[in-house]
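Report on the following structure.
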Amino acid sequence: ARLVSRCSFFNRISEKIRMISMTLVEKYRRDLVIFEYRKRLVNERVTKSFDEQEMLDYYERNSEMFRLHEAILKGLFLKVPENTPNLGQLKKWYCSTNPDGVEKIEKYALKNAVIYDYFYDKWILFEEIVNNIPYEFGDAESFLKTHHKLEFNKNGYWYLLNITEYRLPGEEMPYDFARAQIQEILTNSNRLNFDRELEENLYRDAEKSGDIKWLYKGEKSIEKESIK
């Protein structure tokens with residue numbers, strides 16, 4: 001009789017464990033479906049490309065947010081061996097921004113330059129240039145205000161830098177430099193709004209269908225069964 005009673009007890013325990021496991025598996029399955037559904041909606045609605053005018057409007061409305069922490073510049077940088085051919089010509093060409101001069105520099109750089117960086121059309125961090133030239137630049141602001149170009153020879157190489165524009169720390173970011181940051185801000189804002197909207201919609205749908213009440217009762221029932 002004791003053996004039968006023990007078997008019956010273990011059978012009841014096993015059944016309760018099975019029911020709890022099935023409930024947990026079902027909950028996991030629902031959570032997984034919701035996760036995949038949310039991910040698909042995020043890809044469709046949040047990670048969109050923003051209209052250029054929309055980003056520009058945001059930049060103009062919030063210009064005080066976009067201040068530089070580091071100096072940036074536009075220009076051209078070359079590193080060539082000191083015995084490079086036609087060095088005199090190169091020193092004339094590298095300061096030219098007209099298409100003919102740039103074309104000559106590009107052809108020359110393909111054959112002779114160790115580093116060739118053309119950034120007349122984009123802003124880059126001043127620090128990126130500093131890291132490639134073994135020159136004592138000192139304070140970025142002082143250097144940029146007093147130098148439009150640099151010709152420097154050391155350890156068998158010539159370093160040629162032409163600066164066409166610069167911005168200093170504390171100044172307002174140019175729009176094209178701030179653009180990637182603005183896109184990230186707008187994307188994050190969309191994601192937060194989407195999460196809030198999705199949660200509200202899911203809650204309303206569950207409330208209408210009675211799922212919230214059913215889930216509460218189910219969890220309460222499971223909790224009671226597990227205590228017995």
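All residue numbers in this chain count up from 1 along the given sequence.
Applying the salt bridge (Lys or Arg N to Asp or Glu O under 4.0 Å) test to every pair with at least one member in residues 110-119, sequence neighbours left out, gives no pairs at all. Applying the ring pair (Phe, Tyr, Trp, His ring centres under 6.0 Å) rule to pairs touching residues 51-86 yields Tyr59-Phe66, Tyr59-Tyr175, sequence neighbours excluded. For residues 83-92, the side-chain hydrogen bond (donor to acceptor under 3.5 Å, both in side chains) pairs, not counting sequence neighbours, are Thr84-Tyr108. Sorted by first and then second residue, the side-chain hydrogen bond (donor to acceptor under 3.5 Å, both in side chains) pairs involving residues 121-135 (not counting sequence neighbours) are Trp123-Asp176.
In the hydrophobic clustering of ILVMFWY residues, with side-chain heavy atoms under 4.5 Å counting as a link, Ile163 and Val102 come out apart. Each of Phe119 and Ile105 belongs to its own hydrophobic cluster when Ile, Leu, Val, Met, Phe, Trp and Tyr are linked at side-chain heavy-atom distances under 4.5 angstrom. Both Phe137 and Leu168 belong to a common hydrophobic cluster when Ile, Leu, Val, Met, Phe, Trp and Tyr are linked at side-chain heavy-atom distances under 4.5 angstrom. Hydrophobic clustering (side-chain heavy atoms under 4.5 Å, transitive across Ile, Leu, Val, Met, Phe, Trp, Tyr) groups Val114 together with Leu161. Hydrophobic clustering (ILVMFWY, side-chain heavy atoms < 4.5 Å, transitive): Leu125 and Tyr166 are in distinct clusters.
If you take CD1 on Ile129 and CD1 on Ile72, they are separated by 12.5 Å, rounding to the nearest 0.5 Å. Interatomic distance, CG of Leu90 versus NZ of Lys104, reported as 12.0 Å (0.5 Å rounding). Expressed to the nearest 0.5 Å, how far CG of Leu73 lies from OH of Tyr120 amounts to 11.0 Å.
Shown here are the side chain to side chain donor-acceptor pair (under 3.5 Å) partners of Glu64, two or more places apart in sequence or in another chain: Arg67. For Glu52, the salt bridge (charged side-chain N to carboxylate O under 4.0 Å, His left out) partners are Arg179, not counting sequence neighbours. Scanning for salt bridge (charged side-chain N to carboxylate O under 4.0 Å, His left out) contacts around Glu172 gives an empty result, with sequence neighbours left out. Residues meeting the ring-ring contact (aromatic ring centres under 6.0 Å, His included) test with Tyr116, sequence neighbours left out: none. By the side chain to side chain donor-acceptor pair (under 3.5 Å) test, Tyr159 is found to be paired with no residue, residues two or more places apart in sequence or in another chain being considered. With sequence neighbours excluded, no residue forms a salt bridge (charged side-chain N to carboxylate O under 4.0 Å, His left out) with Lys79. Scored by the side chain to side chain donor-acceptor pair (under 3.5 Å) test, Tyr118 finds no partners at all (sequence neighbours excluded).
Under the 3.5 Å distance criterion, the side-chain polar atoms of Thr187 are matched with a main-chain donor or acceptor of Gln183.
The environment of Glu136 atom CD is sparse: at most 12 non-hydrogen atoms of other residues, nucleotides or ligands sit within 6.0 angstrom.
A heavy-atom distance below 4.5 Å is not found between the side chains of Ile182 and Phe50. Contact annotation: the side chain of Met173 never approaches that of Arg167 to less than 4.5 Å [non-hydrogen atoms, C-beta and beyond]. Inter-residue side-chain proximity for Trp158 and Leu78 is flagged as unmet; no heavy-atom pair is nearer than 4.5 Å.
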Under 3.5 Å, sequence neighbours excluded: what are the donor-acceptor pairs made by side chains of residues 139-155?
{"unit_1": "Asp139", "atom_1": "OD2", "unit_2": "Glu141", "atom_2": "N", "d": "3.2"}
{"unit_1": "Asp139", "atom_1": "OD2", "unit_2": "Ser142", "atom_2": "N", "d": "3.0"}
{"unit_1": "Asp139", "atom_1": "OD2", "unit_2": "Ser142", "atom_2": "OG", "d": "3.2"}
{"unit_1": "Glu141", "atom_1": "OE2", "unit_2": "Lys145", "atom_2": "NZ", "d": "2.8"}
{"unit_1": "Thr146", "atom_1": "OG1", "unit_2": "Ser142", "atom_2": "O", "d": "2.7"}
{"unit_1": "Thr146", "atom_1": "OG1", "unit_2": "Phe143", "atom_2": "O", "d": "3.3"}
{"unit_1": "His147", "atom_1": "ND1", "unit_2": "Phe143", "atom_2": "O", "d": "3.1"}
{"unit_1": "Glu151", "atom_1": "OE2", "unit_2": "Tyr94", "atom_2": "OH", "d": "3.1"}
{"unit_1": "Asn153", "atom_1": "ND2", "unit_2": "Glu82", "atom_2": "OE1", "d": "3.3"}
{"unit_1": "Asn153", "atom_1": "ND2", "unit_2": "Tyr157", "atom_2": "O", "d": "3.2"}

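Of all heavy-atom pairs between Thr97 and Thr164, the closest is CG2-CG2, 4.0 Å.
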